[in-house]
Amino acid sequence: MPAVSSDERWLAHVLVNLVSNAVKFTPAGGRVTVRAIRRDAAVALEVEDTGIGIAAEDRGAIFEPFRQGERGDAKGYGGVGLGLALVARLTDLLGAEVGLESAVGKGSTFTVRVPLMWRGRSTTQLLRPARPPTSPSMAEQAEPPNR
Ligand SMILES: Nc1ncnc2c1ncn2[C@@H]1O[C@H](COP(=O)(O)OP(=O)(O)O)[C@@H](O)[C@H]1O
Ligand SMILES: [Mg+2]
């Protein structure tokens, strides 16, 4: 494999989330396979499982925070639905792309395409301040007492 110019901690976090999902959603006796494949100016990291699979109508929503598979029994597997939201956010920061192929009852393959050369965000973009609280109750609490 060629070396990639990336962020080790973020990339490790992406893989940990994908591998832990693959293990969680694959019943005993199944198989989880992790591969690295050279692709032109990128390395593709694949996490493949022989688990429960993901319905086509769930494939967009599961990347949003706090969303779990609606049709499947994902809720019975625990978790809070943040892993893939984190994967989406971190891969965006890394300039990487996530792909998903799945068949219900057969398994899923998540692919992270990491460019060899760094194409992620600059540090200044990362340092944008977080949005202030918008809920009225929190805003009230933040104000000094009225005199
Ligand atoms: N490898 C997988 N196989 C089947 N379903 C998956 C897999 N990975 C993710 N999912 C689906 O996507 C949902 C969101 O995943 P995630 O954000 O990691 O949340 P959580 O693991 O807390 O449920 C899961 O609840 C599940 O429905
Ligand atoms: Mg998860």
Side-chain angles (χ1 to χ4, degrees), residues 1-139 141:
M1 272 308 129
V4 295
S5 178
S6 192
D7 185 283
E8 189 178 345
R9 280 184 317 155
W10 290 351
L11 207 47
H13 218 67
V14 166
L15 283 176
V16 162
N17 274 282
L18 294 179
V19 172
S20 65
N21 276 346
V23 171
K24 176 163 78 167
F25 294 109
T26 301
R31 192 170 51 241
V32 173
T33 310
V34 181
R35 293 186 199 89
I37 303 159
R38 172 82 199 251
R39 294 249 188 269
D40 298 326
V43 168
L45 303 170
E46 284 186 5
V47 180
E48 179 183 357
D49 67 58
T50 59
I52 63 172
I54 301 165
E57 58 265 41
D58 281 344
R59 282 175 209 166
I62 54 173
F63 288 97
E64 290 167 16
F66 300 110
R67 295 293 292 273
Q68 298 185 297
E70 301 291 350
R71 260 195 16 164
D73 43 355
K75 282 158 187 150
Y77 290 83
V80 293
L82 282 175
L84 289 182
L86 195 60
V87 166
R89 190 72 213 279
L90 287 175
T91 47
D92 177 55
L93 293 173
L94 289 168
E97 281 161 23
V98 190
L100 168 58
E101 278 178 39
S102 186
V104 174
K106 294 223 165 89
S108 311
T109 303
F110 285 82
T111 304
V112 181
R113 198 176 184 281
V114 188
L116 296 185
M117 302 305 291
W118 174 254
R119 290 221 316 261
R121 309 286 179 159
S122 72
T123 319
T124 46
Q125 284 171 298
L126 295 181
L127 291 178
R128 269 184 315 212
R131 257 186 247 133
T134 48
S135 124
S137 61
M138 288 177 80
Q141 282 166 20

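Only this structure's heavy atoms are used, side chains among them; waters, hydrogens and symmetry mates stay out. First listed ligand is number 1; within each ligand, the first listed atom is number 1.
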Counting only protein N, O or S atoms and ignoring waters, those under 2.8 Å from the Mg ion (ligand 2) are Asn21 OD1
For [X], does the [atom1] atom have more than 12 heavy-atom neighbours from other residues, nucleotides or ligands under 6.0 Å away?
{"X": "Arg119", "atom1": "CZ", "answer": "no"}
{"X": "Glu101", "atom1": "CD", "answer": "no"}
{"X": "Met117", "atom1": "CE", "answer": "no"}
{"X": "Arg31", "atom1": "CZ", "answer": "no"}

Suppose I only count heavy atoms of [X] and a 4.0 Å limit; which atoms of ligand 1 are within that range?
{"X": "Leu82", "value": "17 (O), 19 (O)"}
{"X": "Ala22", "value": "1 (N)"}
{"X": "Ser108", "value": "3 (N)"}
{"X": "Gly79", "value": "22 (O)"}
{"X": "Lys24", "value": "20 (P), 21 (O), 22 (O), 23 (O)"}

Rounded to the nearest 0.5 angstrom, the CD-OG1 distance for Glu46 and Thr33 is 9.5 Å
CG on Leu11 to CG on Leu93, rounded to 0.5 Å:
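The distance works out to 12.0 Å.
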Does any part of the side chain of [Y], heavy atoms only, come nearer than 4.5 Å to the side chain of [X], both counted from C-beta?
{"X": "Val43", "Y": "Leu116", "value": "yes"}
{"X": "Leu94", "Y": "Trp118", "value": "yes"}
{"X": "Leu45", "Y": "Val34", "value": "no"}
{"X": "Arg113", "Y": "Thr91", "value": "no"}

Which is closest to atom 25 (O) of ligand 1 by heavy-atom distance: Arg59, Gln68, Glu48?
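Looking at heavy atoms only, Gln68 sits closest to atom 25 (O) of ligand 1.
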Heavy atom to atom 12 (O) of ligand 1, shortest distance: which of Leu100, Ile54, Val19, Ile62 holds it?
Ile62
Can you confirm, on distance only, whether ligand 1 has an N/O atom lying under 3.5 Å from any N/O atom belonging to [X]?
{"X": "Leu84", "result": "yes"}
{"X": "Val80", "result": "yes"}
{"X": "Gly83", "result": "yes"}
{"X": "Gly81", "result": "yes"}
{"X": "Gly69", "result": "yes"}

Report yes or no: does a heavy atom of Gly51 sit under 4.0 Å from some atom of ligand 1?
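Heavy atoms of Gly51 never come under 4.0 Å of ligand 1.
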Is it the side chain, the backbone, both or neither of [X] that has a heavy atom closer than 4.0 Å to ligand 1?
{"X": "Thr26", "value": "neither"}
{"X": "Asp49", "value": "side chain"}
{"X": "Arg67", "value": "backbone"}

Test item: Glu64 side-chain N/O and Gly81 main-chain N/O as donor-acceptor pair under 3.5 Å:
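Pair absent, no side-chain N/O of Glu64 close to backbone of Gly81.
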Under 4.0 Å between a side-chain nitrogen and a carboxylate oxygen: does that hold for Asp58 and Arg67?
no
Of all heavy-atom pairs between Asp49 and Gly51, which one has the smallest distance, and what is that distance?
OD1-N, 2.8 Å
Any residue meeting side-chain contact (heavy atoms from CB on, under 4.5 Å) with Leu100, in chain and number order, not counting sequence neighbours
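By the side-chain contact (heavy atoms from CB on, under 4.5 Å) rule, Leu100 matches Ile54, Arg59, Ile62, Phe63, Ser102, Ser108, Phe110.
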